[in-house]
Engineer: 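Let me begin by handing over the structure; questions about it come next.
Here is the naming used below: chain letters follow the sequence lines, and residue numbers restart at 1 for every chain. As the structure is a prediction and not an experimental result, all values here were calculated from the model.
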Number of protein chains: 2
Amino acid sequence: MNEETIRRRATVHDVARAAGVSLATVDRVLNGRPGVRAATAEKVEQAIAELGFARDLNASLMARARDLSVVFFIPDGSNEFMDSLAEAVHRRSPLALADHIHLDLRRVRALDAAGLAESLSQLAPRECDCAVIVSSDEPEVLAAIDAAQRRGIAVMTLVSDLPASARRNFIGIDNVAAGRTAASLMGRFLPQGGKVAVVAGSLHLRDHAERLDGFRAALGAEFPALEIIGPLEGHDERTETAEIITALLAEHADLGGLYNLGAGNAGLVSALEASGRSGNLRVIAHELTAPTRAGLASGAIDVVLDQNPDGEIREAIAAARALALDASRVAVTDPIEIGIFLRDNLR
Amino acid sequence: MNEETIRRRATVHDVARAAGVSLATVDRVLNGRPGVRAATAEKVEQAIAELGFARDLNASLMARARDLSVVFFIPDGSNEFMDSLAEAVHRRSPLALADHIHLDLRRVRALDAAGLAESLSQLAPRECDCAVIVSSDEPEVLAAIDAAQRRGIAVMTLVSDLPASARRNFIGIDNVAAGRTAASLMGRFLPQGGKVAVVAGSLHLRDHAERLDGFRAALGAEFPALEIIGPLEGHDERTETAEIITALLAEHADLGGLYNLGAGNAGLVSALEASGRSGNLRVIAHELTAPTRAGLASGAIDVVLDQNPDGEIREAIAAARALALDASRVAVTDPIEIGIFLRDNLR
DNA sequence: TTGTGCATGAGGTACGTGCCTCATGACATT
DNA sequence: AATGTCATGAGGCACGTACCTCATGCACAA
């Protein structure tokens, strides 16, 4: 490789020289500090564009006094998947710290939009560069996101998107595709056709609604011999889910398949095992957690679709890192893939 | 959070102070340079351990003149999966460069152990910090790996491991689990039992042999009603694979399933489509590439098991970064998960 | 004219590490 | 005793950015 082909990355010095201004002015422009005339700022922006200058994130993090700080707001409560997200944050913490990224985990009450909005609005830009939230679609939250963005805090949505907000990024799976995948598997599991029951947490949750849409569409298009029973709602609660499923099995002795697209899997497994029907019933559930693992192991559940919490946290951190420097751009992240788990390829 | 609870990361200065030596000596110990008595080095090591000192990778990369350089040796030839690995390297390149990591891609002749060994032995530690190779298990390669390690070049295996070598890390999937997963899916696809044919590239390839082991074991244990035909070997070649499968379909009109655990998928798909049997034959193949995507779309293939080339490259880079500083340790990486793809959840 | 405020330049220190030179003292070899 | 070798200290420059202070010059208004 020739020396000529190796072009040094442009630095602030290069930008200053090209724009005919001093380092201080470049710094003011880069960091949005006041004291620069519009015309001068324009010259600097142009030099940045011409040189293809990009800040060196590592040098930047080293120079500034405090680490980059990312705050995760994860719902509390009985949802095991949210616990696994929280654990993933803890697991990543030391690794992130080595890269000057400080992770902060705050558990918030599940489905408490007002509480989440309040927490968001109390974030000071000095102590938080990026907030990552799991939230349902409520106006208070949207407003709080927009306000935080204006204060200079990048906000990202995790698991469930809020496309109508000013959120900078979404990290999560394509839930419509997840529903289609469940249908595609179920169809192949039941080549003779039959009845398939669908249980959701609540259809007011965006993830759940999208999964149902995908499931219905794919089943209708590819496996017309299958009849859908439901959807029934178990509100992601183990006892309620167990009751629903017990009743379902009693009513439909010829049920061929069951798709639980929400949580409450502990109830699902206990109901299935109590019924004595596991084995001749194909069951698909979501999220690889303690109850679904137990279900896979016992044979009560055939397939678990999973959104890989560790991967989501990893990508959220990567996105936060990228966003920290480019206040304007949307970070490019690796997409989160839908994991499909059977008893034989458990993580 | 109290000031007291925030403990600054230990730096070389702290280590020097704690060990009662100068910065220069700490530097000599850290970078393995000569000129330090064993007793003194011991004091330094101890101080490092006590303080839990870890080099700041970013500062380190900034301070040294050249970027971290990672060289990928990817087999050339007609294997589409290898092409997708190469593309993944290209896709990552700009991102890695922003982190002071320079990626170098070298295509080598597939299955040419002597050539790969020669290339490895020509690597100078000045121009390569870490080599990533995809190789079969040959003595020349093992020797070249050991030699490179001794020269200070970290070597990692990708896709196919060489556990008997001095390789520092392996990035890839658990192929036995992949085979089990294929069996588990096939068993559920064929509840009435029947015949399942297995086609491999070559059973001398470690990946393929492991997949076959897993497939056989899981099928035997969980689905005794299924009978295995084969394995037949298509040598990862499209024409040979097509011929084998055409013959197979002619001989076994009642074939219920087909598992191609190697490459040559273009031949698989063309043979299936020519036979007019796709649709009533459950087919599982490996690696999401152009031919397998086409097969999924046309319905010739039901499921593709994939090892996520982009994820593998990402983890290889992360591991190389980690290894660059800890000449002693094995890097911890996120495991590569086996992707399961149907027509409905394509990447 | 003087004051006020703003845009900008100049230059410094700091972050943590790599890598270099030079000086010094201890010890061994001839 | 002279010479050489080696371990070590001291210190500096560099990487690219953040962030600070101070000075300067200019425009506009009182």
Engineer: Between dG16(C) atom C1' and D27(B) atom CG, what is the distance in whole Å?
Structural biologist: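 After rounding, the gap between these two atoms is 12 Å.
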Engineer: Considering every strand and a 4.0 Å limit on heavy-atom distances, what is the contact class for R28(A): base, sugar-phosphate, or nothing?
Structural biologist: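 Base contact.
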Engineer: Taking OP1 and OP2 of dG9(C), is either one under 4.0 Å from a side-chain nitrogen or oxygen of S22(A)?
Structural biologist: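 Yes, S22(A) has a side-chain N/O under 4.0 Å of OP1/OP2 on dG9(C).
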Engineer: If you round to the nearest 0.5 Å, how far is CG of L85(A) from CZ of F72(A)?
Structural biologist: 9.0 Å
Engineer: Round to a whole Å and report the spacing from CG of D99(A) to P of dG16(C).
Structural biologist: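 My rounded result for the distance is 15 Å.
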Engineer: What contact category does R33(A) fall into here, base, sugar-phosphate, or nothing, at under 4.0 angstrom with non-hydrogen atoms?
Structural biologist: sugar-phosphate
Engineer: Pick the closest DNA chain D nucleotide for M62(B) and for L23(B) by heavy atoms, then say which residue is nearer the 5' end.
Structural biologist: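 Its nearest nucleotide lies further toward 5', so the answer is L23(B).
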Engineer: Look at T11(A) and dC15(D) and indicate whether a side-chain polar atom (N or O) is within less than 4.0 Å of OP1 or OP2.
Structural biologist: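 The answer is no; no side-chain N or O of T11(A) sits under 4.0 Å from OP1 or OP2.
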Engineer: Quick check on DNA chain D: between H100(B) and V21(B), whose nearest nucleotide comes earlier from the 5' end?
Structural biologist: V21(B)
Engineer: Give N31(A) one of three labels, base, sugar-phosphate or nothing, depending on what nucleic acid heavy atoms sit under 4.0 Å from its own.
Structural biologist: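 The residue N31(A) makes sugar-phosphate contact but no base contact.
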Engineer: Any side-chain N or O of R9(A) under 4.0 Å from OP1/OP2 of dC15(D)?
Structural biologist: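 So the side-chain polar atoms of R9(A) never come under 4.0 Å of the phosphate oxygens OP1 or OP2 of dC15(D).
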Engineer: Any idea which of dG9(C), dT17(D), dT17(C) is nearest the A63(A) side chain?
Structural biologist: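 Side chain of A63(A) sits closest to dT17(D).
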Engineer: Does any N or O in the side chain of R9(B) come within less than 3.5 Å of the main-chain N or O of A98(A), such that one atom is a donor and the other an acceptor?
Structural biologist: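 Yes.
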Engineer: Any luck finding a side-chain donor-acceptor pair between N31(B) and R55(B) under 3.5 Å?
Structural biologist: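 The criterion, which ignores hydrogens and geometry beyond distance, is satisfied for R55(B) and N31(B).
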Engineer: Is a side-chain N or O of R107(B) found less than 3.5 angstrom from the main chain of P75(B), in a donor-acceptor match?
Structural biologist: yes
Engineer: May I ask you to verify if any side-chain N or O of S60(A) is less than 4.0 angstrom from the OP1 or OP2 atom of dA18(D)?
Structural biologist: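 Yes, because at least one side-chain N or O of S60(A) sits under 4.0 Å from OP1 or OP2 of dA18(D).
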Engineer: For R64(A) and dG16(C), give me the distance from atom CZ to atom P, rounded to whole Å.
Structural biologist: 15 Å
Engineer: dA18(D) phosphate, OP1 or OP2: any side-chain N/O from R66(A) under 4.0 angstrom?
Structural biologist: no
Engineer: Remember a base hit wins even if backbone is also touched, and classify D56(A) as base, sugar-phosphate or nothing at under 4.0 Å, heavy atoms.
Structural biologist: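 Result for D56(A) = sugar-phosphate.
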Engineer: I'd like to know if R167(A) pairs up with D161(A) as an ion pair, taking the criterion as any Lys NZ or Arg NE/NH1/NH2 lying under 4.0 Å from an Asp or Glu carboxylate oxygen.
Structural biologist: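 Salt bridge between R167(A) and D161(A), a charged N being under 4.0 Å from a carboxylate O: yes.
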Engineer: Between R17(B) (CZ) and dA10(D) (P), how many Å, whole number?
Structural biologist: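 Answer to the nearest Å: 13 Å.
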